[in-house]
Amino acid sequence: MCAAREGRWDRRQRALLCCVLVAAWEAAWGQLRYSVPEELPKGSFVGDVAKDLALQLAALRDRGARVVSADRMRYFALHANSGHLVTAERLDREQLCEGVQRCVLRCEVIVEGEMKVYGIEVEIMDINDNAPSFGEGENEVRMSEMTAPASRFSLSKAHDPDVGVNSLQSYELSGDEHFSLSVQVGADGEKRPELVLAKALDREEAAFHELVLRAIDGGEPARTGTARIRVSVLDANDNAPVFSQAVYAVRVPEDVPVGSTLLTLTATDADEGLNGDVKYSFKGISKKFSRIFHLDPETGSIRLLRSLDFEEGNSYEMEFEANDGGGLSDNAVVTISVTDVNDNAPEISVRSALSEISEDAPPGTVVALLHVQDRDSGANGEVRCSLVGDVPFRLRSSVGSYYSVVTARELDREEVSEYNVTVWASDGGSPSLRSSAVLALRVLDVNDNAPVFAEARYSARLPENNAEGALVLTVRAWDADWGQNARVRYRLAEGRVRGAPLSSYVSVQAETGALYALRSFDYEEVREVGLWVRAEDGGAPALSSNVSVRLLIVDENDNAPQVLYPPSAAAAGWTGVELAPRSAEPGALVAKVVAVDADAGQNAWLSYELAKATEPGLFRVGLHSGEVRTARSPLARDAPRHSLVVVVKDQGRPALSATATLTVVLAESVAELLSELGSAAAPAEPGGSLTRWLVLAVAAVSCLFVAFLLLLLALRLRRWRRSQLLPPASGALRGVPASHFVGIDGVRAFLHSYSHEVSLTADSRKSQRRRAADSCCNTLPARPPPDKAAPLLGEDAAGARGAPPDAFPQAQPNTDWRFSQTQRPGTSGSQNGEEGGAWPNNQFDTEMLQAMILASANEAADGNSTLGGGTGTMGLSARYGPQFTLQHVPDYRQNVYIPGSTATLTNAAGKSNAKGSSGGNKKKSGKKEKEKK
C-alpha cells in the first residue's frame, strides 16, 4: 500500500516537473497561449501581451508593435497604449476550423525596434451555436414484405459542426412498432444510425410506415434536428444489390486533372428485369463534397469536378448506395486519399526590415525578420534558406519558421554604400521549387575617415616682390565620408616667420584651400617659408589631417652689384691710389675690384669690364675676377696718373651695374708716388674755387631775375586793379599843368559814373554797366591847342586805355537802381532830352561843374554851401534840377587838388583852409574859362 502511494506521488512530481519545464520553455521562446469562445464581438479582450511578455508600454508606443499571421488573415490586433490583444473581427469556429476538433489560431507579435518576434496561440472554444441537421429532411426506405425481422437498413447521418459535448450525441426514433433504432459507432467515433426491422411486414396491412428520426447534441440547452423516414413495403424481391467491396479506397495526386474518373463503383443484383436494374447514389453527402465529386447513377463512376488541393483536404470519405428496381439496396463507403505534390513554392514574408543601418553597427545587428513557409508537406514542405553573393550578412534561425538577417561583420560605407540582399528559399521537392526576396539596405555614414590630401607634401615657387594677395598654390583634400562629414575646411597651423606670426605672411581660403601671399616677399630677407595646412571635416567629432607646404622665394634681379673695393670716395672719404711700376711687365697685377651682389644664382654672377681709362690700351680688367692688370708695359710718354672706371654687371634680366673708379700712378717708388700726388693736388684748388664762384654767380643772377619778374608782375597787377576801379576816359584836359591835377582821378571817376547807366546788385562785385552810344566816351571833350597839350594821365596809361569802347562789351544794367528822367543832370535845371542819360557835351558846362563840385565839397562839410543850393545839394539842384542832391554824389574831398592852388581837401581838420582857397580857385577858374572862350 505504501509502495503504491509512493509510486503515485512520484508520478505526480514528474508530471509537475514536466509542466514547469514546458512553461519555462514557452517563456524562453516567448510563446503565449490564450483561449476565447467563438462568436465574440470585434474588439473583445483576448490577453494582456505586454504584461505576459514583460514589455514596457513606452517601448511599444515608441518602437511600434504589430500582429501578423501566417495565412495573412488579420484575426487579432494589439493596442499599443494598453498592450492588450483583442479580436479584430467576429470569429466563427465552424468556419475557421471545419472538421477539426481543436481550433487554434497562431499569430506573432513583432516589436519593430527590437527586431524580436513573440508567438501567440489562441484556441477558439466551441459554443453550442449549431443544431444537428440532416442532409435531406425526408428519406424513403423501401422494404420487401418478405424481409426478415432484425434486418438492418442504414439511415442518413445527421451533421453537427460543433465539437465536444456540443456535437451530436444520440439519435431517437419514433412512429411505429415494426421498427427500432440501432446506433453504430465507427472507429473514428462517428455515430451511424441504422433502422432495424423488429416485426415482419405485411403489405396488405400497411403499404407505408411513417417514422421520425431525431438527432440530439449535448449542449446546454440541447439542440435537435429531425428527419422524416417513409418506409414503403414492396412485393417480393428475392435479391438485393450487392457492392463488390464494402469499402473502396483510392489514392490520387493532388494535381490530377479536372474531369478525371477517380473510381467506378460496382454493384450486382441477381434478379432480372426491373428488379435487377441497379442505380447508384450518394447517401448523406455534404455540400462541400458534392461540389468536388460527381457520381454517375448509371455507371457508378466518380469524376472530379474541380482540382484537388492537398493543403485544403488530404482525405475524403463518402457513403454510396446501390438500389435496384424492386426497392432493395446496398451501401458502400469510398475513401479518397489525396497525395501531396510539390506544387507550392516557399513563401517569404518580410515581417520587419530596416531601410538604413549605420556603418558602425556591431556584428550581429538584426537587419530584417523573415517568415518562410511552404504549404506542401513532407519533403516538399522542408525549406532551406540562403543568401546570394558575398555580402556581410548571414541568416540566423529564429522562432518557428522565422529567420533573422544579421550583420556578419562591420560595414564600410566607403566601400559599399547600398546593399540589395537577396534571400533564396528552396524546398526539398523534386524538382525543387524556390522563391526569393530582396532587401534594400542603405548604409549610413559615420565620420570615420579623416581628410586625405592629394599630395604627400606641397611646394611652390614664388617670385620675390610679388603683389600682395597673389595666389601661391591650392591644396586639395578629399574626405571619403558623405554629406557634412565630407565637407572639408582648411586653416593654417600656428607658426612664426622672422619673429612675426605666419598669418601675417600667408593665408588660406577655408573653402577652396587656395594659399595667398599677404605681403611682398624679399628674397634677401626670406628665402623659404615652411608651413602646415590643416584640413578638417565637418563631422562630430571632427577629424583632421596636416600637410607640409614649402614656399620657395625665387630671386629676382632687384639688387645692383655693390663694390666693396675700392670703396666709394663720397661714402668713406677714401682717397687712396694704386701704384704701378713703370717697369711692370704686361699682365702685372695692379689692383683688384671686389664686388658682391645680394641676389642669388644668375642674378649674382658678376662680370667686370673697363669702361673708361686715361690711356685705353694700358690696362685691362679680368672679366670674372675683377683684377686690373697691365695690358702692356708702360712707356715714357704715358702720363704718370691714370683714372680707370670699371663697370661691374650682374647676369640678371635686365642687368644691373655699378661702377668703381681707380686712380693708378706710375711710379717706381713711394717717394716718387708722393711727389706725383703732391704736384697733382696743388693746381686742383683754383679749379674748385672757380667752380664755386661760378655757381654763386649763376645763383645770384637767377635770384635777381626772379625778383625782377615778381616786381614786374606786382606792377602789372596793381595797374590792372586800378583800371578795374577807375575806368579810362577817352579825353584829357590839355593845357593844365599835371602838378595841379594830382588826385583828379577821383573827380574823373565821379564824372565817369554819370556818363553810364549803372546797375548795382546785392553783390557789388557783380555790378553791370553799359556805355552811352555817343557821349560816354569823352566826359571832358575840350580840345586844347596842339602846342599846349598836356595829358592828365601818363602816356603809358593812355596807351593802355586807348582801346575803343566797342572792344569792351558791357552787360545789361540792373534796372533796380538808376537815375530817373527827372534826376538826370542838365544845364540850368532843364531836363536832358537824351535817353542815354549822359552829361551835356559842353566844355563850359563841364568845367563849371567840375569847379562847383570841388568848391562845394569843402563847404558841404561845414553845412553852409555858397553855390546857392539847399543843404546837402552842393549847389547842384539850382543848375541840374531839384532831384539832383548831394546824396547822389560821393565825397571826393579826400586827396583832391584844386587847379592853381596848393590847398588839399583831406579831412574835417582842414576845413578853414579849404574854404579860403576854394573861393579864390573858383574865381580864377571862372576867369580862365572866359579868356578861353
Side-chain angles (χ1 to χ4, degrees), residues 98-100 134-136 139-143 151-159 168 182-196 227 237 239-271 275-341 377-378:
E98 184 179 2
V100 179
F134 292 91
E136 297 178 358
N139 296 322
E140 185 179 2
V141 179
R142 294 181 181 184
M143 295 183 185
S151 298
R152 295 175 180 272
F153 298 89
S154 297
L155 299 177
S156 60
K157 298 180 294 183
H159 177 69
L168 179 64
S182 175
V183 179
Q184 301 295 327
V185 181
D188 56 355
E190 187 178 9
K191 297 178 177 62
R192 297 185 179 89
E194 292 181 348
L195 185 63
V196 180
N237 185 5
N239 299 289
V242 178
F243 280 101
S244 60
Q245 299 179 21
V247 177
Y248 290 87
V250 63
R251 296 177 65 88
V252 295
E254 63 175 332
D255 60 348
V256 62
V258 176
S260 300
T261 300
L262 304 180
L263 178 66
T264 300
L265 302 176
T266 302
T268 59
D269 195 319
D271 295 330
N275 293 331
D277 188 9
V278 180
K279 301 290 184 183
Y280 301 93
S281 62
F282 287 104
K283 186 175 184 180
I285 190 173
S286 64
K287 292 182 179 180
K288 177 182 178 180
F289 288 0
S290 65
R291 291 193 295 267
I292 300 175
F293 305 101
H294 173 71
L295 174 65
D296 189 344
E298 298 294 335
T299 62
S301 62
I302 301 174
R303 290 187 301 107
L304 187 64
L305 294 180
R306 67 178 183 88
S307 60
L308 299 176
D309 190 352
F310 176 85
E311 289 71 36
E312 292 182 1
N314 58 2
S315 179
Y316 299 91
E317 184 176 323
M318 297 167 288
E319 187 175 0
F320 294 90
E321 185 178 39
N323 297 294
D324 61 10
L328 299 179
S329 63
D330 190 14
N331 298 323
V333 177
V334 176
T335 301
I336 300 177
S337 299
V338 181
T339 60
D340 184 47
V341 175
S377 61

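Keep in mind it's a predicted model, so treat the numbers as computed, not measured. Side chains are part of it too, since the values below use all heavy atoms of this structure and drop only hydrogens, waters and symmetry mates.
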Evaluate salt bridge (charged side-chain N to carboxylate O under 4.0 Å, His left out) for Glu194 paired with Arg192, printing each intermediate quantity in order. CA-CA 7 Å; Glu194 292 181 348; Arg192 297 185 179 89; over 6 Å; no
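- Annotation: salt bridge (Lys or Arg N to Asp or Glu O under 4.0 Å) contacts involving residues 294-305, sequence neighbours excluded, comprise Lys279-Glu298.
- We find the CG-CG distance between Leu155 and Asn139 to be 7.5 Å, quoted to the nearest 0.5 Å.
- With sequence neighbours excluded, no residue satisfies side-chain hydrogen bond (donor to acceptor under 3.5 Å, both in side chains) with Arg251.
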Would you list the atom pairs, donor with acceptor, under 3.5 Å between side chains in residues 325-334 and any protein atom, with sequence neighbours excluded?
residue: Ser329; atom: OG; partner: Glu321; partner atom: OE2; Å: 3.3
residue: Asp330; atom: OD2; partner: Phe243; partner atom: N; Å: 2.8
residue: Asn331; atom: ND2; partner: Ser154; partner atom: OG; Å: 2.9

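- Closest of all the heavy-atom pairs between Thr264 and Ser301 is OG1-CB, 3.8 Å.
- Note that CG of Leu295 and CG of Leu262 are 11.5 Å apart. Values are rounded to the nearest 0.5 Å.
- Here Gln184 pairs with Ser182 under the side-chain hydrogen bond (donor to acceptor under 3.5 Å, both in side chains) rule; sequence neighbours left out.
- Atom CD1 of residue Ile285 and atom NZ of residue Lys157 lie 11.0 Å apart, to the nearest 0.5 angstrom.
- Looking at Tyr248 and Leu265, their side chains come closer than 4.5 Å, going by heavy atoms from C-beta outward.
- When Asn314, Val250, Leu304, Leu263 are each tested for a side chain to side chain contact (heavy atoms under 4.5 Å, CB included) with Ile336, only one passes: Val250.
- For the pair Met143/Val141, a side-chain contact is recorded, criterion being any heavy-atom separation below 4.5 Å from C-beta on.
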Set out, in order, the CA-CA distance, both residues' side-chain angles and the distance that settles side chain to side chain contact (heavy atoms under 4.5 Å, CB included) for Val196 and Ser151, then state yes or no. CA-CA 6 Å; Val196 180; Ser151 298; over 6 Å; no
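- Contact annotation: the side chain of Met318 approaches that of Phe293 to within less than 4.5 Å [non-hydrogen atoms, C-beta and beyond].
- Take Glu319 and apply the side-chain hydrogen bond (donor to acceptor under 3.5 Å, both in side chains) test, not counting sequence neighbours, and it matches no residue.
- The two atoms that bring Ser315 and Thr335 nearest to each other are OG-CG2, 4.1 Å, heavy atoms only.
- With hydrogens and angles disregarded, no donor-acceptor distance shorter than 3.5 Å links the side chain of Tyr316 to the backbone of Ile292.
- In this structure, Asp340 contributes its side chain and Ser377 its backbone to a donor-acceptor pair below 3.5 Å.
- Of all heavy-atom pairs between Ala240 and Asp269, the closest is C-OD2, 3.8 Å.
- Glu254 places a side-chain N or O within donor-acceptor distance of the main-chain N or O of Val341, the cut-off being under 3.5 Å.
- In this structure, the side chains of Pro253 and Val338 stay at 4.5 Å or more apart for every pair of heavy atoms.
- At least one side-chain heavy atom of Val252 sits less than 4.5 Å from a side-chain heavy atom of Leu308.
- Note that NE2 of His159 is 9.5 Å distant from CD of Glu190, once rounded to the nearest 0.5 Å.
- For Ser307, the side-chain hydrogen bond (donor to acceptor under 3.5 Å, both in side chains) test picks out no residue, with sequence neighbours left out.
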CA sep, side-chain torsions, deciding dist, call: Phe320, Phe282, side chain to side chain contact (heavy atoms under 4.5 Å, CB included): CA-CA 5 Å; Phe320 294 90; Phe282 287 104; 2.9 Å; yes
